[in-house]
Amino acid sequence: MGSSIYRCLIYRPPIYKIPVRVTEQTYFVLASLIDGPLHGYAIVSEATELSGGRVRLSAGTLYGALDRLRRDGLVEEAGEEKVAGRRRRYYRLTEEGADALTAEAARMRAAARAVEGRRIARRPRPA
Amino acid sequence: MREWLLRLCLHAYPRARRARDGEVLCDLAGELSAGRGVAREALGLLRGGLAARAGELAGRTRAPWGEALRRLALPLAALGAAIWLPGAARLGTLDLGLLWTALVAGSVLALAGAAARWRPAALAGSLLVLAALLLDGLRTGIGDTPRTTVLDATLGGLAVDLYAAWLPAAVVLVAAALALPGSRELRPREVGVRVTLGALPVLAMLSLGTSALVLALAVIPPLVATFPARREPALTLAAALALAAWAPEAVWLGTGFLPVAEPEPALALALWGAGALVAGVAIRHLVRASSLR
């Protein structure tokens, strides 16, 4: 009895929802899925294009990011197909994923507003 | 060749992930490597696989590592003190030198801290022991100067570098000390009982003789006292950690059965690595066997 109480105290998974940390990489992965489901190669290409070439994901990095997003419920798998001998798995945004993406975009907009339109005082260069 | 390299790097991922996603991942890496070079994709797979393994170990086991380390602190500190204090007693107080003074002071402090479940003392003591062993290892090399200390009577002059052999245990003891509470929680009577139990191995070694058998028997009371009899996940983990601390020493002692009187550094390090490997495999199986997932 005591042992099971002890184990419950230690092992019960948290019931609260941990806010998802959206990095630049995951932001552009989510953003690439706005128009509908995409497979891995298309996500990498789209993320590179949307970020202006800054985010260039490798297969391992993309898989890690998609795995985290899937665990957090932000994306889900949307089937597989075989094209020219290559297996491709499709992913799409979930409702939570769309909400997280919208919230992150709003946060970045607000952060940009704090700077845009203001003159930044610069330290005078030494003569 | 490219396909072969990517498939090789894919092995960095845990087996279950490979079975589920391996083909898709490998095909994607192959497609991307056509435009960017295979090295980048291979490294990406390696990094991603290792991260996935680390994540599985840390996050998904949800194992009570802290509690296991807390439980291990007293038996490990007692065992350390039982090795170094009788060794110093044999040398005599005048010939101790800096290394042995640090080992004795650190062992006593670590034992007192572990018995009182008080981090500052245990941490200071265990760090002192670890620093002394590391500095001595750097100064004289590992394994090339076999220094039998207290176990030679039983082991028949067997060349065992006990300083180096104790290093893994010293590292685990530092981790165990870090896991202890920062403030004193135990009542004086509890501390007294735990100090007595922790000192038993030292007293046994001093009075009954410095042998591996006495050491093994004498360390049982603190083990029994700190590990409750009922089955708990923390018990399994603590046993696994104890194995991690002692397996390298056990394999090292096994050099006695090899036809080498004084292990060369490379052989000594290989044996040490073998011990660590044994411990790693054992931890994996013990964690799997317990209900930690």
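Reckoned from all heavy atoms, side chains included, excluding hydrogens, waters and symmetry mates. Numbers restart at 1 for each chain; the letters A, B, ... are given by sequence-line order, proteins then strands.
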Hey, what do you get for OG (A:S58) to CG (B:L32), rounding to the nearest 0.5 Å? 8.0 Å
Does the distance from a Lys or Arg side-chain N to an Asp or Glu carboxylate O, for A:E77 and B:R20, drop under 4.0 Å? yes
Heavy-atom contact with chain A under 4.5 Å, split by part of B:A29: both
Are the side chains of A:R88 and B:V24 in contact, using a 4.5 Å heavy-atom criterion? no
Using a cut-off of under 4.5 Å on heavy-atom pairs, state which of B:L45, B:L28, B:L6 scores highest against chain A. B:L28
What do you reckon, is CD of A:E116 surrounded by more than 12 foreign heavy atoms closer than 6.0 Å? no
Go through the structure and list residues passing side chain to side chain contact (heavy atoms under 4.5 Å, CB included) with A:E49, not counting sequence neighbours. none
A:Y41 backbone acceptor or donor facing B:E31 side chain under 3.5 Å: no
Strictly distance-based, threshold 3.5 Å: is any side-chain N or O of A:R86 a donor or acceptor partner for the main-chain N or O of B:D27? yes
Proximal component of A:L57, with respect to chain B [non-hydrogen, under 4.5 Å]: backbone
